Trainee: 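This is the structure I have questions about; it appears just below.
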Amino acid sequence: MSEMLLAFALVATFSAVMLGGLAFDVSTLDRRREVRLLESRLEGVNPNLRDQELEGSLLSRVIRPTLDAVARLALRFTPLGMRQRLAHKLVLAGSPAGWDAEKLAALKVMGLAGGTAFALLLGLGSGKPGLAITMTLLFGGIGYFACDAVLGGRAQRRQAEIQKALPDTMDLLTISVEAGLGFDAAMAQVVSNVPGPLSQEIARMLHELQLGVSRADAFRMLADRTDVDELKAFVVSMIQANRFGVGVANVLRAQSKELRQKRRQRAERKAMQTPVKILFPLIFCVLPALFVVVMGPGAIRIFQAFFGTP
């Protein structure tokens, strides 16, 4: 039985490594192809797409078409609302290159099938049907929801970075506007001087403005792509200021002050949560070891004094 479990563990490890390599190769294949095509055009050479396809790796020539077929099959059985939620999560995560809702749906289906197959093999090898059913539900659920967990964590980290950079960005905008720059020029200064996801979203908003999108729609799309409450409040203030003709500098100054207060309140809230968070590790990890070190020798001496040495 132990040899069978070891074989199953080796197969699962090999499958996980193969899936990781496949995900990395698929995510970077389109970008490599575009770079090669652009280089060939700059050099004045007509590229042979067939030769380029044959030069690709086994993952790109064989496994990626299989993944695309699974994605098309999964797309038929995936509800429209789920695809929209996956697309929205991808936007919140920064729209990683080479990924879309169809590929994520395919990975969820493959994770469900792989987790279920592995759990069935492991459970049936143990000879316990109840354990097989439990492990099937457990590993199938893990394989199905793993993509959602990874994507949701990435989106939350990105939103936290935007929320953290927003007060300093607002201060820079206020200083730039009060120094005489226009609002678009002040946002361009933010893009060039403040790295991070917030400056990337502002750069995208400026690009949309250059393409002819109205300022109100560009601000609304910025709020939808980030889903940060503080940024949504700033967007609403800027839309109202643009509609009613209020001075931008006054709005920016008020928003900057409010954001600094909210940042201070968040820091105070986290400081107040610290004693509660360290209470359980202190009780279950630190205090038992401390009692053993401090009271252990005394307890041994008392036992020896009353009951004698063994």
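Just so you know, these numbers come straight off a predicted model, no measurement behind them.
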Trainee: If the condition is side-chain hydrogen bond (donor to acceptor under 3.5 Å, both in side chains), which residues does Arg264 pass it with, not counting sequence neighbours?
Mentor: none
Trainee: Mind checking what makes side chain to side chain contact (heavy atoms under 4.5 Å, CB included) contact with Val246, not counting sequence neighbours?
Mentor: Ala241, Phe244, Val251
Trainee: Testing the basics here: between Arg220 and Val235, what is the closest heavy-atom pair and its distance to 0.1 Å?
Mentor: N-CG1, 4.1 Å
Trainee: Can you list every pair that meets salt bridge (Lys or Arg N to Asp or Glu O under 4.0 Å) and has a residue in residues 144-160, with sequence neighbours left out?
Mentor: Lys108-Asp148, Arg158-Glu201
Trainee: Side-chain contact, heavy-atom cut-off 4.5 Å: Gln159 with Thr226?
Mentor: no
Trainee: Side chains of Thr174 and Gln255: does their closest heavy-atom pair fall under 4.5 Å?
Mentor: no
Trainee: For residues 204-213, tabulate all N or O donor-acceptor pairs below 3.5 Å that involve a side-chain atom, not counting sequence neighbours.
Mentor:
unit_1	atom_1	unit_2	atom_2	d
Glu208	OE2	Arg225	NH1	3.0

Trainee: Heavy-atom distance under 4.5 Å between the side chains of Leu252 and Phe183, does that happen here?
Mentor: yes
Trainee: Identify, with sequence neighbours excluded, every residue that meets salt bridge (charged side-chain N to carboxylate O under 4.0 Å, His left out) alongside Lys262.
Mentor: Glu258
Trainee: Going by side-chain hydrogen bond (donor to acceptor under 3.5 Å, both in side chains), name the residues that satisfy it together with Ser95, two or more places apart in sequence or in a different chain.
Mentor: none
Trainee: What residues, two or more places apart in sequence or in another chain, satisfy side chain to side chain contact (heavy atoms under 4.5 Å, CB included) together with Lys164?
Mentor: none
Trainee: Is there a side-chain contact between Ser256 and Leu259 in this structure, where contact means two heavy atoms from C-beta onward sitting under 4.5 Å apart?
Mentor: no
Trainee: Might you work through the side-chain hydrogen bond (donor to acceptor under 3.5 Å, both in side chains) test for Ser176 and Gln189, ending with a clear yes or no?
Mentor: CA-CA 8 Å; Ser176 301; Gln189 287 291 326; 5.8 Å; no
Trainee: Output all residues satisfying side chain to side chain contact (heavy atoms under 4.5 Å, CB included) with Leu282, sequence neighbours left out; order by chain, then residue number.
Mentor: Val286, Leu287
Trainee: Just by distance, with hydrogens left out, do Ser214 and Asp217 show a side-chain donor and acceptor under 3.5 Å apart?
Mentor: yes
Trainee: With a 4.5 Å cut-off on side-chain heavy atoms, are Leu198 and Leu231 touching?
Mentor: yes
Trainee: Answer yes or no: is there an ion pair linking Glu268 with Arg263, defined by an N-O contact shorter than 4.0 Å?
Mentor: no
Trainee: Restricting to side-chain hydrogen bond (donor to acceptor under 3.5 Å, both in side chains), what partner residues turn up for Ser199, sequence neighbours left out?
Mentor: none
Trainee: Does anything in residues 178-194 form a salt bridge (Lys or Arg N to Asp or Glu O under 4.0 Å)? List the pairs, not counting sequence neighbours.
Mentor: Glu178-Arg253, Asp184-Arg215
Trainee: For Ala93 and Leu151, work out which heavy atoms get closest and say how close.
Mentor: CB-CD1, 3.8 Å
Trainee: Run the side-chain hydrogen bond (donor to acceptor under 3.5 Å, both in side chains) test against Lys232 and tell me which residues pass, sequence neighbours left out.
Mentor: Asp227
Trainee: Of all residues at least two apart in sequence or in a different chain, which pass the side chain to side chain contact (heavy atoms under 4.5 Å, CB included) check with Val190?
Mentor: Thr169, Leu172, Leu173, Val194, Ile202
